[in-house]
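One structure is given here, and the rest of the page talks about it.
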Amino acid sequence: MKLSNKAIIVLGPPGSGKGTQAELLASKFGFFQWETSSIIGRIISQAKKGDFVVIQGKKYYFSEQAKIREKGLLWDSNFVFHLTKKRIEEIAREGKGIVLSGSPRTLDEGKSLIPLLKRLYGVKSLSIIFLKLTPKETLWRNSHRRECELATHSILYNKETEKLTKCPLDGSKLVSRKDDNAKTIKLRLQEFEKKTAPLLDLFKKQGVKLSIIKGEQPVANVFKDILKALK
Ligand SMILES: [Zn+2]
């Protein structure tokens, strides 16, 4: 199967394995793997002292945005979209396909991101993959999730990974995530439910192809289903 110049968005609740599937898709097709927070985070950390961008007449300093994140708050959404747009336009101009995981997260983000991808790739080349998990499965997976000490790679909990004690990517020890207690997981899940439902309606309104995949299957089977959905 040849998929050139396509944009694929992989969404799903926390623990659905969207990052893993996005990585598999990106390496299979040679696409750029887009993960908003890590890419924007890198751009912010590389900015020089006093650097800013002007968006609709307002100055946004990179240093201020860095402080916002240190406090555990979200970056300004205008600022994030400004940087996202610039970088995604460059990727599309290079003729490269793109796989996004975990974005858009909110209706507002979707209202700017979907038209951008439609304009750059065309509506027929844009696919949304939604990995569905039952709330019970989401809770189970998140309360058993671990990450590695070295690079905080997130390790999903399933039959293939339950016996792992070391990170398959860098060999460092696997530990539980600090923020993975039942209460925060439930909150994260509620937040996801509240913000995702309106997004699914938006995709329909925008005429974008949406495929719902059973996320509780083993990683390889989820991937097979995604490939089928992309045909
Ligand atoms: Zn690791």
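When reading the values below, keep in mind they use all heavy atoms of this one structure, side chains included, and skip hydrogens, waters and symmetry mates. In each ligand, atom 1 is the first atom listed, and ligand 1 is the first ligand listed.
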Checklist line | Salt bridge K228-D225, side-chain N to carboxylate O under 4.0 Å | finding: yes

Check: Salt-bridged, K86 to E90, with N to O below 4.0 Å?
Finding: no

Checklist line | Contact flag E149/the Zn ion (ligand 1), N/O/S atoms, threshold under 2.8 Å | finding: no

Notebook entry, point to check: Taking the six-membered ring for Trp, are F130 and F192 parallel (under 30°), tilted (30 to 60°) or perpendicular (over 60°)?
Noted result: parallel

Item checked: Nearest to the Zn ion (ligand 1) - the N/O/S atom of D170, by atom name -> OD2

Next item on the list: Hey, could you give me the OG/CZ distance between S154 and R145, rounded to the nearest 0.5 Å?
Entry: 4.0 Å

Item checked: C167 SG and H153 ND1 subtending at the Zn ion (ligand 1) (10° steps) -> 110°

